[in-house]
Amino acid sequence: MKIEDNIETFNSLLRRRGFIWGPSPEIYGGFAGFYSYGPAGMALKNNILDIFRRECRYFGFGEVECPTIMPSIVWEASGHLERFIDPVIRCNKCKTLYRADKFLQENLPDQVREGLSFKEMEILIEKYNLTCPKCDIPFERIEEYNLMLKTSVGNNTIAYLRPETATTTYLLFNRLNQDARRQYPIKIFQFGKAYRNEISPRQGVLRMRAFDQFELQIFISKELEMNFEEFNEVKNEKLPLLDWKQQEKDDSKINAISLDNAIKNGILKKPAYAYCLFIGYHLTKILGIPEPLIRFRQHSINERAHYADDAWDLEIKTRQFGWVEICGIHDRTDYDLKRHAEYSKQNFEVSMGSDSKIKEVPQVLEIAFGIDRIIYTLLETNFIIDQGRINLKINQRLAPNTVAVFPLVKNKEDIKKLALKIHRELLENRINSFFDAAGSIGKRYRRQDELGTKWCITIDYESLEDNTVTIRERDSMDQKRLNISELANIIKKKQEE
RNA sequence: GCGCGAUUAGUCUAGUGGUUAGGAUCUCGGCCUUCCAAGCCGAUGACCCGGGUUCAAUUCCCGGAUCGCGCACCA
């Protein structure tokens, strides 16, 4: 088959090799916004999670897991019920949907103020006799479009599937505070599903209705935010920052700037928040996303979520979809804990400094990754076609198979037997080995290249004489001879590199 | 959600109101093979779903699902 260097080759690889399938359920025609991972995709995802969990442990974060369904009051308190429900008006003839607030803003700029109720908007529409721009039919009632998925629990109690994991983590604050023995900052992360009822999901796994989040939270005092010890360890790190002032000037040139300078220049306000940007950057780079394809883009004030004081997106440049957000870093202030304190009638004020009389509601800094977006961007940015050869040059730790073992030819019983024996020995050592004897040797190498397997071991005629095998490296295709007895140890050592 | 276009094996595609629905590639089996998708033989595998028109629909019509593009939406 002629391999063309285009995005279609990549897209078909995702399906062909069992990374991502969908929309699911495919046999029933599919349901937009829902996808499944095949064995290769799931192995990759688990390998990413292993690394993320290991790094989180290194940075001092503990892990929690919360229910994905929560009662209405939680979402009232968090502000999602208010902010995630959009008022819309629908034309009775052409069925076109408009955002009611935006429509009014455009058509009656003088009459509209922030935060109009549904009723007030309806009155305005009636008073000024607003009609559909296409059909000239008068609009009638305002409907709501809810971005949260609603469900009912028990005896028709309304509940919602969480639109983010973060809120469910905050609900544990009392417990976490005890658990951490009131030592601040408290660092916690949660991995799990979140759900959003997207109006029209597109772009495959980049905008799903059910997706995985990996969110880190830091509960911290105002004083510690400004005087954050760990900042000193990372202050000389240079990050590609694009602040919103620069964006307003229509300048998208990315300047790598040290965090220290970013604070001094006022691009960033808080050292603790700067530290969060570093963690986001570190976790992205460690997976092997090429540096020139990474940038941080600051949200403008209008773009920010309802809870955010400052927000930067970590974006990856893709071939197919342009810059894609894979991580949002938000300064959520004390907004969430204050709201939950109010709605739950709990007291979340704690003393966080040396003076035990001074109490405050902790500030929250959040680093929120979309795992599915990481998987997509990681695969896309590591996919290359080199002289007609597909090579998925992902970090060897992430590859679904660590090594593959081949008999040079399959019709020589001795060679095949030895190959199987070596494959089993690697498995005994808990090395993720894959055995393949089908087709020519070259074809088997190419199959593994498509999956990103870093090393292929081939057993040939010489192996029968002197107990050596060849090991072939994915990117260079170079081969070396190794002794069978040292194989497992050498692979283990390479895995650590 | 609106408008336009599309949907045929795992993947990429050809084509038709009555066809054994064609090809390429993949996959599997056999032969061969002393290292990078070689060759030969054989095999498996498809008309998105529902309804209508028709003697007959994968093909025409209507509805739905999904995908692509534009608009809207993306806290």
Side-chain angles (χ1 to χ4, degrees), chain A residues 1-4 6 8-9 11-18 21-34 38 75 78-86 88-91 93-99 102-103 132-135 143 145-148 163-164 167 194 196-204 206-209 299 302-308 311 320 325 328 330 386-391 406-412 415 438-450 456-465 469-474 476-479 481:
Chain A
M1 180 170 53
K2 203 168 189 180
I3 294 167
E4 304 209 10
N6 56 32
E8 284 73 28
T9 305
N11 289 334
S12 85
L13 174 90
L14 292 182
R15 290 166 175 261
R16 256 176 40 232
R17 301 320 310 252
W21 291 324
S24 303
E26 288 185 279
I27 61 167
Y28 289 106
F31 201 23
F34 297 94
W75 310 112
S78 71
H80 286 94
L81 261 180
E82 190 184 332
R83 305 288 181 147
F84 260 52
I85 295 180
D86 292 329
V88 294
I89 40 180
R90 189 192 299 273
C91 171
K93 191 178 169 204
C94 70
K95 306 294 177 199
T96 302
L97 214 55
Y98 300 89
R99 271 282 292 271
K102 294 203 172 173
F103 188 83
C132 173
K134 286 186 198 162
C135 316
E143 303 169 36
Y145 187 86
N146 190 349
L147 250 62
M148 280 199 291
E164 60 165 12
T167 285
R196 287 178 200 185
N197 191 20
E198 301 284 356
I199 294 176
S200 72
R202 285 190 190 176
Q203 307 184 325
L206 296 185
R207 245 178 101 199
M208 290 198 286
R209 286 176 164 142
H299 281 201
N302 294 332
E303 204 179 343
R304 274 182 215 157
H306 58 280
Y307 46 69
Q320 192 158 213
E325 174 199 353
H330 302 110
D386 179 20
Q387 299 179 346
R389 179 175 75 114
I390 293 175
N391 186 8
F406 311 140
L408 181 60
V409 292
K410 73 167 169 180
N411 63 351
K412 296 284 179 290
I415 291 180
S440 70
I441 188 73
K443 185 175 270 188
R444 284 175 260 157
Y445 286 138
R446 299 301 165 89
R447 280 189 197 124
Q448 294 307 310
D449 291 339
E450 286 189 337
C456 292
I457 292 157
T458 300
I459 289 76
D460 56 18
Y461 291 88
E462 208 177 321
S463 308
L464 300 172
E465 320 256 306
V469 295
T470 63
I471 183 165
R472 176 256 199 194
E473 199 270 337
R474 181 190 66 203
S476 63
M477 299 195 284
D478 286 345
Q479 288 180 291
R481 284 205 89 83

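Naming: A, B, ... by sequence-line order, numbering from 1 per chain.
- Distance noted for atom C1' between B/G10 and B/U27: 8 Å (whole Å).
- A/Asp460 is listed as a side-chain neighbour of A/Arg481, based on a closest heavy-atom distance under 4.5 Å.
- Without hydrogens or angle criteria, A/Arg209 side chain to A/Glu198 main chain gives a donor-acceptor distance under 3.5 Å.
- Both A/Arg207 and A/Arg389 sit near RNA chain B, but only A/Arg389 has its closest nucleotide nearer the 5' end.
- Rounded to whole angstrom, the span from the NZ atom of A/Lys412 across to the C1' atom of B/C31 amounts to 11 Å.
- Between the side chain of A/Thr470 and the base of B/C35, a donor-acceptor pair under 3.5 Å is found.
- Taking atom C1' on both nucleotides, B/G17 is separated from B/G64 by 24 Å, rounded to a whole Å.
- Comparing B/C28, B/U11, B/U66 against the side chain of A/Ala438 picks out B/C28 as the nearest.
- Side-chain contact between A/Arg474 and A/Gln448: absent, with no pair of heavy atoms (C-beta onward) separated by less than 4.5 Å.
- Side chains of A/Arg17 and A/Arg447 form a contact here, defined as non-hydrogen atoms less than 4.5 Å apart.
- To the nearest whole angstrom, the two C1' atoms, one in B/C48 and one in B/U66, are 8 Å apart.
- Which of B/U11, B/C32, B/C2 sits closest to the side chain of A/Arg202 comes down to B/C2.
- Each of A/Arg444, A/Arg389, A/Arg16 was evaluated against A/Glu450; a single residue qualifies, A/Arg16, per the salt bridge (Lys or Arg N to Asp or Glu O under 4.0 Å) test.
- The P atoms of B/C71 and B/A37 are separated by 45 Å, rounded to the nearest whole Å.
- When both pairing distances are held under 3.5 Å, B/G5 makes a Watson-Crick or G-U pair with B/C67.
- With B/A72, B/U11, B/A37 as the choices, the nucleotide that has an atom nearest any side-chain atom of A/Ser200 turns out to be B/A72.
- Under the Watson-Crick or G-U wobble criterion, with both distances below 3.5 Å, B/A21 has no partner in any strand shown.
- With both ends at atom C1', the span from B/A14 to B/G22 equals 6 Å, rounded to whole Å.
- The side chain of A/Arg472 has B/C36 as its nearest neighbour among B/C36, B/C67, B/G1.
- The distance from atom CD1 of A/Ile471 to atom P of B/C35 is 19 Å, rounded to the nearest whole Å.
- Contact of A/Arg16 with B/C12 (side chain to base): no donor-acceptor pair of N or O atoms is detected under 3.5 Å.
- Counting to the nearest Å, the P atom of B/G1 and the CD1 atom of A/Ile89 are 18 Å from each other.
- Among the protein residues, A/Asn411 comes within range of the nucleic acid bases, having at least one heavy atom under 4.0 Å from a base atom.
- Taking only distance into account, the side chain of A/Glu198 never meets the base of B/C74 through a donor-acceptor pair shorter than 3.5 Å.
- Looking only at distances, no side-chain donor or acceptor of A/His80 sits under 3.5 Å from a matching main-chain atom of A/Leu147.
- When each of A/Tyr28 and A/Tyr145 is assigned the nucleotide of RNA chain B bearing its nearest heavy atom, the one mapping closer to the 5' terminus is A/Tyr28.
- Residue A/Thr470 holds its OG1 atom at 7.5 Å from CD1 of A/Ile441, rounded to the nearest 0.5 Å.
- The pairing partner recorded for B/G39 is B/C31, the criterion being a Watson-Crick or G-U wobble arrangement whose two distances lie under 3.5 angstrom.
- Among the protein residues, A/Ser12 comes within range of the sugar-phosphate backbone only, with heavy atoms under 4.0 Å from sugar or phosphate atoms but none that close to a base.
- Rounded to whole angstrom, the span from the CG atom of A/Leu13 across to the P atom of B/C12 amounts to 12 Å.
- Donor-acceptor pairing under 3.5 Å, judged by distance alone, is absent between the side chain of A/Glu26 and the base of B/A65.
- B/C74 atom C1' lies 16 Å from atom CZ of A/Arg83, rounded to whole Å.
- Checked against B/C67, B/C73, B/C32, the side chain of A/Ile199 finds its nearest nucleotide in B/C73.
- Nucleotides B/U53 and B/A46 have their P atoms positioned 29 Å apart, rounded to a whole Å.
- Residue contacts for A/Glu462: at a heavy-atom cut-off of 4.0 Å it reaches no nucleic acid atom on any strand shown.
- The base of B/C35 lies close enough to the side chain of A/Tyr445 for a donor and an acceptor atom to sit less than 3.5 Å apart.
- The CG atom of A/Leu408 sits 6 Å away from the C1' atom of B/C35 (whole-angstrom rounding).
- Side-chain contact check for A/Leu464 versus A/Ile415: some heavy-atom pair is nearer than 4.5 Å.
- Across all strands, A/Glu450 comes closer than 4.0 Å to base atoms (heavy-atom distances).
- Distances shown here put a side-chain N or O of A/Lys410 below 4.0 Å from the OP1 or OP2 atom of B/G30.
- Remark: B/U44 base-pairs with no nucleotide; criterion is Watson-Crick or G-U wobble with both hydrogen-bond distances under 3.5 Å.
- Look at the C1' atom in both B/U25 and B/U44: the space between them is 15 Å, to the nearest Å.
- Considering only side-chain atoms of A/Pro23, the nucleotide from B/A37, B/U11, B/C67 that sits closest is B/C67.
- In this structure B/A57 sits in no base pair that meets the Watson-Crick or G-U test at under 3.5 Å.
- Across all strands shown, B/A14 forms no Watson-Crick or G-U wobble pair with both distances under 3.5 Å.
- Across the protein-nucleic acid pair, A/Lys443 atom NZ and B/U33 atom C1' stand 13 Å apart, rounded to whole Å.
- Spacing between B/A9 and B/G23 at atom P, rounded to whole Å, works out to 15 Å.
- Distance A/Arg444 CZ to B/A38 P: 11 Å, rounded to the nearest Å.
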